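Following: one structure in structure tokens, then a few remarks.
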Amino acid sequence: METDDVSVREQLFHNRVRETIICVLLFTCLYIVSYLILTHFKKTAEFITDDVEDATVNKIALWLCTFTLSVAVCAVLLLPISILSNEVLLAFPHSYYMQWLNGSLIHGLWNLVFLFSNLSLVFLMPFAYFFTESEGFAGSKKGVMARVYEAVVLLLLLALLVLGIVWVASALLHDNVARKSLYDLWEYYLPYVYSGISLFGVLLLLLCTPFGLSRMFSVTGSLLVKPRLLEDVEDTLSCTTFEEDTLSRKLNNCSTSCWVKLNTEAMKKEYQTVRNKRIALEMRRKASPWQRNLGYPLAMLALLALTVMCVLMVCFNVLELLLDETAMPRGMEDPHLGMVSFSMFGSLGAAVQVVLILYLMVSSVVGFYSSPLFTGLLPRAQDTNLTQIIANCVSLLILSSALPVFSRTLGITRFDLLGDFGRYNWLGNFYIVFLYNMLFAGLTSASLIKTVTWAVQRELIRAFGLHRLPLTVSRSTVPFRLLLASGLSKIQ
């Protein structure tokens, strides 16, 4: 009997060691990738300075940002890894090489991501910002440790302020619970803060994702070669090259007078616009016929299919919410991997769920950086200061940590939330979940219809040459019959 107990304890110990090694290897890989990404965007002048103290502080802050970004990437991969792990165990239920892939590993990964994401949001990122802005207390010895002391004091004051606000909010909403002492800090107030952060992230996703889904068409179109109807590329390229040469000669012949300087600035902008147009035309001429005629339409059809699929799944989830209580998002303690597929279409449906989850995350990031409020945060290669890097890491972590709750609330997947992700207070409210689904379906449908109709009309106007008219061409001034008439006349 004692031998059996020892063998069980040894097995549990080996399982725990194996899970720890796997998590460390995964996080190390994500940390390296995140560090390479931040190194590509950071401003090199901030890390190579004559002041050794500033350079050291900036390096430490960059390491904290790298940790936060790696946690954000891991949060994005939580649902895809969980769904694919379940399908792999279904396909190979008795494989010896798949024994390491189990529910305990996935559950531990969810708990670690939840812990590290909240640790980064509440402590590491505020500390990194205070650390870079601090100079040490007046009268104290200058150095890195003086900055550490000031940053820690500011962080404690911020924590007290946040806890005070949470206590007042809980007193207004739950009077009986709030009358208790701060003994319940860990059990009540911190989860209350986490629930508020999650709700803010889900609401931010609700605003950014529909806008990002519509912006994905234009962003993808800017990266591909667009086919142009009834356009002679060689003729247009010759005209653009001639115009560029003319502007270049004018810029070289300008004098140094103030009046000419003002005209020179405007001429430089025009020259840059013409130059970019010439580069785009050269890319279109060098592209193969397959790439020029099929690449762009196939990409647009794929984006349209993914967006329509998201809207249809959300509409189906709305019907399920009205008819079935199990459609409500909830948490679970044991994932029971390898028992049943989380999609009614099997492995193919699970693969589609993974693609849709990643597509929604990319769309939310595109919508976030395209919105007027956050356009200034868009990182630039080798020209992003450390404060912007911290703000970007915090924003991406908020979006990514809310992605599992976002996907489950919309019904994109049936994989229930693990660990503390399923303990948010607002998840059990039917009216919040139902209204959230309706708003997402409505906003996404409106953005999609607007994007498709305006894009089609814009391409028709450009193809038939109506964009060269002296007056502004609007939808009301150019009816569809005029477009057809102009096209027929060009063909003739």
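All values below were derived from every heavy atom in this structure, side-chain atoms included, with hydrogens, water molecules and symmetry-related copies excluded. Treat the numbers as computed from the prediction; the structure is a model and nothing was measured.
- For Arg16, there are no side chain to side chain donor-acceptor pair (under 3.5 Å) partners two or more places apart in sequence or in a different chain.
- Taking 4.5 Å as the limit, some side-chain heavy atom of Cys23 sits within range of a side-chain heavy atom of Leu105.
- How far OG of Ser400 is from CE of Met361: 5.0 Å, rounded to the nearest 0.5 Å.
- Here Gln382 pairs with Thr44 under the side chain to side chain donor-acceptor pair (under 3.5 Å) rule; sequence neighbours left out.
- Scored by the side-chain contact (heavy atoms from CB on, under 4.5 Å) test, Leu160 finds no partners at all (sequence neighbours excluded).
- Within the 4.5 Å cutoff, side-chain heavy atoms of Arg18 are placed close to those of Ile22.
- By the side-chain contact (heavy atoms from CB on, under 4.5 Å) test, Leu154 is found to be paired with Phe130, Glu150, residues two or more places apart in sequence or in another chain being considered.
- Contacts of Gln388 classified as side chain to side chain donor-acceptor pair (under 3.5 Å), with partners at least two apart in sequence or in another chain: none.
- Shortest non-hydrogen contact noted between Ser85 and Leu101 is OG-CD1, 3.5 Å.
- Note that CG of Leu443 and SG of Cys208 are 11.5 Å apart. Values are rounded to the nearest 0.5 Å.
- In terms of heavy-atom proximity, Arg215 sits nearest to Ser370 at NE-OG, 3.3 Å.
- Residues Phe211 and Ser364 have side chains not in contact (no heavy-atom distance under 4.5 Å, counting atoms from C-beta outward).
- Under the 3.5 Å distance criterion, the side-chain polar atoms of Asn437 are matched with a main-chain donor or acceptor of Val433.
- Looking at Tyr436 and Tyr431, their side chains never come closer than 4.5 Å, going by heavy atoms from C-beta outward.
- A search for ring-ring contact (aromatic ring centres under 6.0 Å, His included) contacts involving Phe374 returns Phe368, not counting sequence neighbours.
- The distance from atom CD1 of Ile398 to atom OG of Ser120, rounded to the nearest 0.5 Å, is 11.5 Å.
- Two residues are said to be in side-chain contact when any heavy atoms from C-beta on lie closer than 4.5 Å; Thr409 and Val202 fail this criterion.
- In this structure, Leu109 CG and Phe27 CZ are separated by 11.0 Å, a value rounded to the nearest 0.5 Å.
- The line from CG of Leu84 to CG of Leu89 is 11.0 Å long, rounded to the nearest 0.5 Å.
- Side-chain atoms of Met216 and Val362, non-hydrogen and from C-beta on, do get closer than 4.5 Å to each other.
- A 4.5 Å side-chain heavy-atom check between Ile412 and Asn317 finds every atom pair outside the cut-off.
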Could you go through residues 64-81 and list every donor-acceptor pair under 3.5 Å that involves a side-chain atom there, pairing it with any protein atom two or more places apart or in another chain?
unit_1 : atom_1 : unit_2 : atom_2 : d
Thr66  : OG1    : Leu62  : O      : 2.8
Thr68  : OG1    : Leu64  : O      : 3.0
Ser70  : OG     : Thr66  : O      : 3.1
Ser70  : OG     : Phe67  : O      : 2.6

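- Considering every non-hydrogen atom in both Thr132 and Ala61, the closest pair reads CG2-CB, 3.6 Å.
- Partners of Phe131 according to the ring-ring contact (aromatic ring centres under 6.0 Å, His included) rule, which considers only residues two or more places apart in sequence or in another chain, are Phe127.
- Atoms CG and CG, from Leu356 and Leu360 in turn, are 6.5 Å apart once rounded to the nearest 0.5 Å.
- Checked by atom type and distance alone, the side chain of Ser447 never pairs as donor or acceptor with a backbone atom of Thr444 at under 3.5 Å.
- Take Thr413 and apply the side chain to side chain donor-acceptor pair (under 3.5 Å) test, not counting sequence neighbours, and it matches Gln353.
- Side chain of Ser407 to main chain of Pro404: no donor-acceptor pair is present (N/O by atom type, distance under 3.5 Å, no hydrogens or angles).
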For this session: Just do the side chain to side chain contact (heavy atoms under 4.5 Å, CB included) check on Leu397 and Ser117 with the steps written out, would you?
Result: CA-CA 7 Å; Leu397 183 57; Ser117 61; 4.0 Å; yes

Would you tabulate the side-chain donor-acceptor contacts of residues 305-316 under 3.5 Å, counting partners in other chains and residues two or more places apart, or write 'none'?
unit_1 : atom_1 : unit_2 : atom_2 : d
Thr307 : OG1    : Leu303 : O      : 2.8
Thr307 : OG1    : Tyr359 : OH     : 2.9

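- The side-chain contact (heavy atoms from CB on, under 4.5 Å) check on Pro379 picks up Phe41, Tyr369, Thr384, Asn392, with sequence neighbours excluded.
- Not counting sequence neighbours, the partners of Leu119 by the side-chain contact (heavy atoms from CB on, under 4.5 Å) test are Phe116, Phe123, Leu124.
- The minimum heavy-atom distance between Ser341 and Glu87, with the atom names listed, is OG-OE2, 2.8 Å.
- The closest side-chain heavy-atom distance from Glu133 to Thr387 is below 4.5 Å.
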